[in-house]
Amino acid sequence: IALAIERRRSEDELRRNESMMRLLFEHNPLPIWLYDVETLAFLRVNDAAVDLYGYTQEEFEKINILHIRPESERQKALTHFGAISRQIEQYGIWLHQSRDGRVFQAEIISHELTYAGKRVRLEVAQDIGERKQLENQLRQAQKMEAVGRLAGGVAHDFNNMLMVIKGHTELLLNVLPANEPVTRKIEQIDRSADRAAALTRQLLAFSRMQVL
């Protein structure tokens, strides 16, 4: 009787563990699937995989792992599957394709195990297209910040030189008679220095991220 009770407890514990694992698989927010190592056919997929790839559960049962790769990547993927057939764990970033033709980068973590007497791989996928886009935007923002600092430094130095030009033209205009040809040329220099000063103010505003 004690052995029977203990066996019953073990069976109940096993069922609870299986139920918990099933819930973790099916309701995980990341796409997860099992596929047969020999045939590459999908054995089980969770709801997140259905949402990301656009295939129904029934459609997944009729296709294999190559069908979620762009056609141009399938031979490369087939070679890769053969190379990893004896590796327990595998990580990589691959191009995947949803049912509607959208191609995106997927981060894949793969682990080999035994399921229903078959060698299978459990894979967890994550669409990293949005993350890559944010990373590119961050790099672009950092470049713009560096350009802004450079523009600010150039504008300060250029402004100092313009102040020298402006000071000398004003001194010359104060001592030279009006309406002389040389005076008109100096006035043109003075006006050009004013326009250049306006440009340096715009550069300084850009370096401080001000709206012009």
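Heads up: numbering here begins at 1 and tracks the sequence. Every value quoted in this text rests on a predicted model; they were computed, and no experiment measured them.
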Exercise. Which heavy atom of Asn46 sits nearest a heavy atom of Pro31, and at what distance?
Worked result: OD1-CA, 3.6 Å
Exercise. Taking C-beta and beyond as the side chain, do Trp94 and His80 meet within less than 4.5 Å on heavy atoms?
Worked result: yes
Exercise. Is it true that the side chains of Arg121 and His111 contain a donor and an acceptor less than 3.5 Å apart?
Worked result: no
For this session: Report yes or no: do Leu78 and Leu95 belong to one cluster of Ile/Leu/Val/Met/Phe/Trp/Tyr joined by side chain heavy-atom distances under 4.5 Å?
Result: no
Exercise. Is any NZ, NE, NH1 or NH2 atom of the basic residue among Glu59 and Arg99 found under 4.0 Å from an Asp or Glu carboxylate oxygen of the other?
Worked result: yes
Problem set entry | Hydrophobic cluster identity match, Tyr55 and Leu66, side-chain contacts under 4.5 Å | yes
Exercise. Going through the checks in order, is the side-chain contact (heavy atoms from CB on, under 4.5 Å) test met by Phe42 and Leu34?
Worked result: CA-CA 6 Å; Phe42 284 104; Leu34 285 170; over 6 Å; no
Exercise. Taking only residues two or more places apart in sequence or in another chain, which ones pass salt bridge (Lys or Arg N to Asp or Glu O under 4.0 Å) with Arg102?
Worked result: Asp127
For this session: Could you check if a side-chain atom of Ile65 sits within less than 4.5 angstrom of a side-chain atom of Glu123, using non-hydrogen atoms only?
Result: yes
Problem set entry | Qualifying residues under side chain to side chain donor-acceptor pair (under 3.5 Å), relative to Arg191, sequence neighbours excluded | none
In residues 162-170, what donor-acceptor pairs under 3.5 Å come from side-chain atoms, sequence neighbours left out?
unit_1, atom_1, unit_2, atom_2, d
Lys166, NZ, Asp190, OD1, 3.0
Lys166, NZ, Asp190, OD2, 3.4
Lys166, NZ, Asp194, OD1, 2.6
Lys166, NZ, Asp194, OD2, 3.4
His168, ND1, Val164, O, 2.9
Thr169, OG1, Ile165, O, 3.1
Thr169, OG1, Lys166, O, 2.8
Thr169, OG1, Asp190, OD1, 3.0

For this session: Would you give the length of the straight line joining atom NZ of Lys143 to atom CD of Glu145, rounded to the nearest 0.5 angstrom?
Result: 13.5 Å
Problem set entry | Atom CD of Glu71 with >12 non-hydrogen neighbours under 6.0 angstrom | no
Exercise. What is the minimum heavy-atom distance between Val45 and Phe25, and which atoms define it?
Worked result: C-CE2, 3.7 Å
Problem set entry | Path from Leu40 to Ile109 over hydrophobic side-chain contacts below 4.5 Å | no
Exercise. Is Leu150 isolated, or which residues cluster with it under the ILVMFWY side-chain rule of less than 4.5 Å, directly or via members?
Worked result: Val154
For this session: I would like to know whether Lys118 and Thr114 meet side-chain contact (heavy atoms from CB on, under 4.5 Å); could you show each step before the answer?
Result: CA-CA 5 Å; Lys118 299 179 180 179; Thr114 301; over 6 Å; no
For this session: Show your working on side-chain contact (heavy atoms from CB on, under 4.5 Å) between Val120 and Glu112 and close with a plain yes or no.
Result: CA-CA 6 Å; Val120 302; Glu112 184 168 320; over 6 Å; no
Exercise. At what distance, to the nearest 0.5 angstrom, does CG of Asp157 lie from OG1 of Thr200?
Worked result: 11.5 Å
For this session: Tell me yes or no: between the side chains of His156 and Asn159, is some donor less than 3.5 Å from an acceptor?
Result: no
For this session: Verify the cluster assignment for Phe158 and Leu203: are they in a single hydrophobic cluster under the rule of side-chain heavy atoms below 4.5 Å apart?
Result: no
For this session: Measure the spacing between CD1 of Ile32 and NE2 of His27 and express it to the nearest 0.5 Å.
Result: 11.5 Å
Exercise. Got a donor-acceptor contact below 3.5 angstrom from the Arg74 side chain to the Arg69 backbone?
Worked result: yes
For this session: Give a yes or no on whether a salt bridge exists between Glu58 and Lys62, defined as a side-chain N under 4.0 angstrom from a carboxylate O.
Result: no
Exercise. Any side-chain heavy-atom pair from Trp33 and Ile68 closer than 4.5 angstrom?
Worked result: yes
For this session: Give the C-alpha distance, both sets of side-chain angles, the deciding distance and a yes or no for side-chain contact (heavy atoms from CB on, under 4.5 Å) between Ile128 and Phe104.
Result: CA-CA 8 Å; Ile128 61 172; Phe104 57 93; over 6 Å; no
Exercise. Angle class for the Phe81/Tyr35 ring planes (parallel below 30°, perpendicular above 60°, tilted otherwise)?
Worked result: tilted
Side chains of residues 176-189: which donor-acceptor partners sit under 3.5 Å, not counting sequence neighbours?
unit_1, atom_1, unit_2, atom_2, d
Thr183, OG1, Pro177, O, 2.7
Arg184, NH1, Asn179, O, 3.0

Exercise. Do any pairs count as a salt bridge (Lys or Arg N to Asp or Glu O under 4.0 Å) and have a residue in residues 44-55, sequence neighbours left out, and if so which ones?
Worked result: Glu26-Arg44
Exercise. Between Tyr53 and Gln97, do the side chains contain an N or O donor and an N or O acceptor separated by less than 3.5 Å?
Worked result: no
For this session: Could you pull out the closest heavy-atom pair between Asn64 and Thr39, with the gap in Å?
Result: CB-O, 4.3 Å
